[in-house]
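These values consider heavy atoms only, across backbone and side chains, with no hydrogens, waters or symmetry-generated copies. For this chain, numbers begin at 1 and follow the sequence in order. Just so it is clear, the structure is predicted and the values come from calculations on it, not from any experiment.
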Amino acid sequence: PIFGIDYQDCSYRCTPLYRYIDPQEKQLTKALSSFLKENPKFCKSFVCSILELLHQDISTCQTEIFDCLCETHTGEKFIDNIITWENGVICIEVKFDAQLQNMLENYQAYVEKNIKRKNSYFIVISTQNLQFELENTKKWKKWKNLLWRDVLRTWESKLNNIKEDEDIKRYLSSLWHKIL
């Protein structure tokens with residue numbers, strides 16, 4: 001199934017956190033950062049899910065110490081999310097039904113200059129496949145596109161062993177409802 005493993009407590013079945021409004025990208029991005037900051041195991045599962053989807057070695061994120069930054073100012077624009085740990089950094093641009101118009105090369109330059117880590121990953125998480133656009137824009141060659149449905153499905157599979165609080169499950173439900 002599209003949701004991955006279908007089980008009784010699957011977050012899709014929960015009442016969405018944003019039940020009466022259609023949350024915008026900024027709201028979902030800030031909430032993501034907040035949840036990742038508050039729960040290191042939740043953050044670790046998110047990072048490991050991204051690395052797995054990128055076919056990278058997840059042993060690089062075995063730490064429990066992550067720092068999550070939201071809307072980092074680069075001088076001209078704001079990076080949606082940056083997650084750092086002792087030997088890695090993930091720079092994330094979030095897209096829901098929107099095309100790339102951001103200056104990804106500036107985000108990449110900011111991270112490479114100010115957040116030096118052995119392993120750097122530049123990700124656009126979107127509802128539609130933008131990989132062709134990323135690969136054909138010379139300045140965006142390091143950026144990879146992951147689809148929200150794949151991120152959420154992989155992330156949910158890693159959360160089975162983690163005690164989620166109700167707000168996190170409701171947030172994940174909101175993400176599922178936003179992308180479907």
Side-chain angles (χ1 to χ4, degrees), residues 1-7 10-12 25 28-29 32-33 35-36 39-70 72 79-100 102 104-113 115-162 164 168 171-172 175-176 178-180:
I2 191 169
F3 305 121
I5 300 169
D6 187 19
Y7 56 96
C10 180
S11 65
Y12 180 78
E25 183 179 301
L28 291 167
T29 301
L32 175 65
S33 182
F35 284 121
L36 295 177
N39 188 327
K41 289 181 180 179
F42 189 68
C43 185
K44 182 177 183 173
S45 65
F46 181 73
V47 170
C48 287
S49 297
I50 288 175
L51 294 180
E52 185 177 307
L53 289 167
L54 293 173
H55 307 289
Q56 298 296 313
D57 182 10
I58 64 169
S59 69
T60 64
C61 69
Q62 292 308 309
T63 183
E64 296 294 328
I65 302 170
F66 294 89
D67 190 21
C68 305
L69 308 168
C70 182
T72 303
I79 300 172
D80 287 342
N81 288 99
I82 298 175
I83 303 170
T84 61
W85 63 99
E86 62 187 46
N87 60 357
V89 59
I90 297 176
C91 178
I92 302 170
E93 175 65 18
V94 174
K95 289 292 174 200
F96 293 101
D97 299 322
Q99 293 298 318
L100 291 173
N102 298 27
L104 298 179
E105 64 273 11
N106 291 356
Y107 299 170
Q108 181 178 322
Y110 176 87
V111 168
E112 289 174 341
K113 180 180 177 188
I115 308 173
K116 297 176 174 103
R117 295 292 193 276
K118 181 180 177 183
N119 301 297
S120 298
Y121 307 96
F122 301 93
I123 309 300
V124 176
I125 304 177
S126 63
T127 54
Q128 49 194 321
N129 191 342
L130 303 173
Q131 192 60 43
F132 180 79
E133 191 175 344
L134 291 171
E135 289 173 355
N136 288 302
T137 303
K138 205 176 219 179
K139 299 175 185 178
W140 298 347
K141 292 277 187 207
K142 288 189 176 182
W143 288 81
K144 300 295 179 209
N145 180 223
L146 297 177
L147 297 175
W148 269 113
R149 68 167 193 251
D150 297 334
V151 171
L152 288 174
R153 188 175 40 228
T154 305
W155 195 9
E156 288 253 342
S157 72
K158 295 190 178 316
L159 290 173
N160 286 338
N161 300 331
I162 297 172
E164 305 167 63
I168 289 173
Y171 172 72
L172 291 173
L175 284 175
W176 276 117
K178 179 76 173 176
I179 69 169
L180 295 177

List the steps, then state whether side-chain contact (heavy atoms from CB on, under 4.5 Å) holds for I79 with V111. CA-CA 10 Å; I79 300 172; V111 168; 4.2 Å; yes
Give a yes or no answer on whether the side chain of [X] reaches the backbone of [Y] with a donor-acceptor pair at less than 3.5 Å.
X: Q131; Y: N145; result: yes
X: K118; Y: G88; result: no
X: S126; Y: Q128; result: yes
X: N81; Y: I92; result: no
X: N119; Y: N87; result: yes

Rounded to the nearest 0.5 Å, what separation is found between the [atom1] atom of [X] and the [atom2] atom of [Y]?
X: L146; Y: T154; atom1: CG; atom2: OG1; value: 9.0 Å
X: I123; Y: L134; atom1: CD1; atom2: CG; value: 9.5 Å
X: D150; Y: I50; atom1: CG; atom2: CD1; value: 12.0 Å
X: I125; Y: K95; atom1: CD1; atom2: NZ; value: 12.5 Å

For a quick test of your reading: what N or O donor-acceptor pairs under 3.5 Å do the side chains of residues 51-59 make, sequence neighbours left out?
{"from": "E52", "atom 1": "OE1", "to": "K158", "atom 2": "NZ", "distance (Å)": "2.6"}
{"from": "Q56", "atom 1": "NE2", "to": "L54", "atom 2": "O", "distance (Å)": "3.4"}
{"from": "D57", "atom 1": "OD1", "to": "S59", "atom 2": "N", "distance (Å)": "3.0"}
{"from": "D57", "atom 1": "OD1", "to": "S59", "atom 2": "OG", "distance (Å)": "2.8"}
{"from": "D57", "atom 1": "OD2", "to": "S59", "atom 2": "OG", "distance (Å)": "2.6"}

Using the ring pair (Phe, Tyr, Trp, His ring centres under 6.0 Å) criterion, which residues pair with Y121? Sequence neighbours excluded.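 Partners of Y121 by the ring pair (Phe, Tyr, Trp, His ring centres under 6.0 Å) criterion come out as none, since no residue qualifies.
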Listed partners of F96 passing ring pair (Phe, Tyr, Trp, His ring centres under 6.0 Å), at least two apart: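 Here the qualifying residues are W148.
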So do the side chains of [X] and [Y] get within less than 4.5 Å of each other, counting heavy atoms only?
X: L32; Y: Y171; value: yes
X: F42; Y: F66; value: no
X: E25; Y: D80; value: yes
X: L172; Y: F35; value: no
X: V124; Y: L104; value: yes

Under the side-chain contact (heavy atoms from CB on, under 4.5 Å) criterion, do V94 and L28 qualify, and how do the steps go? CA-CA 9 Å; V94 174; L28 291 167; 6.0 Å; no
If I compare all heavy atoms of [X] with all of [Y], which pair ends up nearest, and what's the gap?
X: E156; Y: W176; answer: OE2-NE1, 3.5 Å
X: C43; Y: I83; answer: SG-CG2, 4.0 Å
X: K41; Y: N39; answer: N-OD1, 3.1 Å

Among W140, Y110, Y107, W143, which residue satisfies the ring pair (Phe, Tyr, Trp, His ring centres under 6.0 Å) criterion with F122?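 Among the candidates, only W143 passes.
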Just do the side-chain contact (heavy atoms from CB on, under 4.5 Å) check on I65 and E86 with the steps written out, would you? CA-CA 8 Å; I65 302 170; E86 62 187 46; over 6 Å; no
Considering residues, nucleotides and ligands other than K141, do more than 12 of their heavy atoms fall under 6.0 Å from its NZ? yes
Could you go through C68 and I82, starting from their C-alpha distance and side-chain angles, then the distance that decides it, and tell me whether this counts as side-chain contact (heavy atoms from CB on, under 4.5 Å)? CA-CA 6 Å; C68 305; I82 298 175; over 6 Å; no
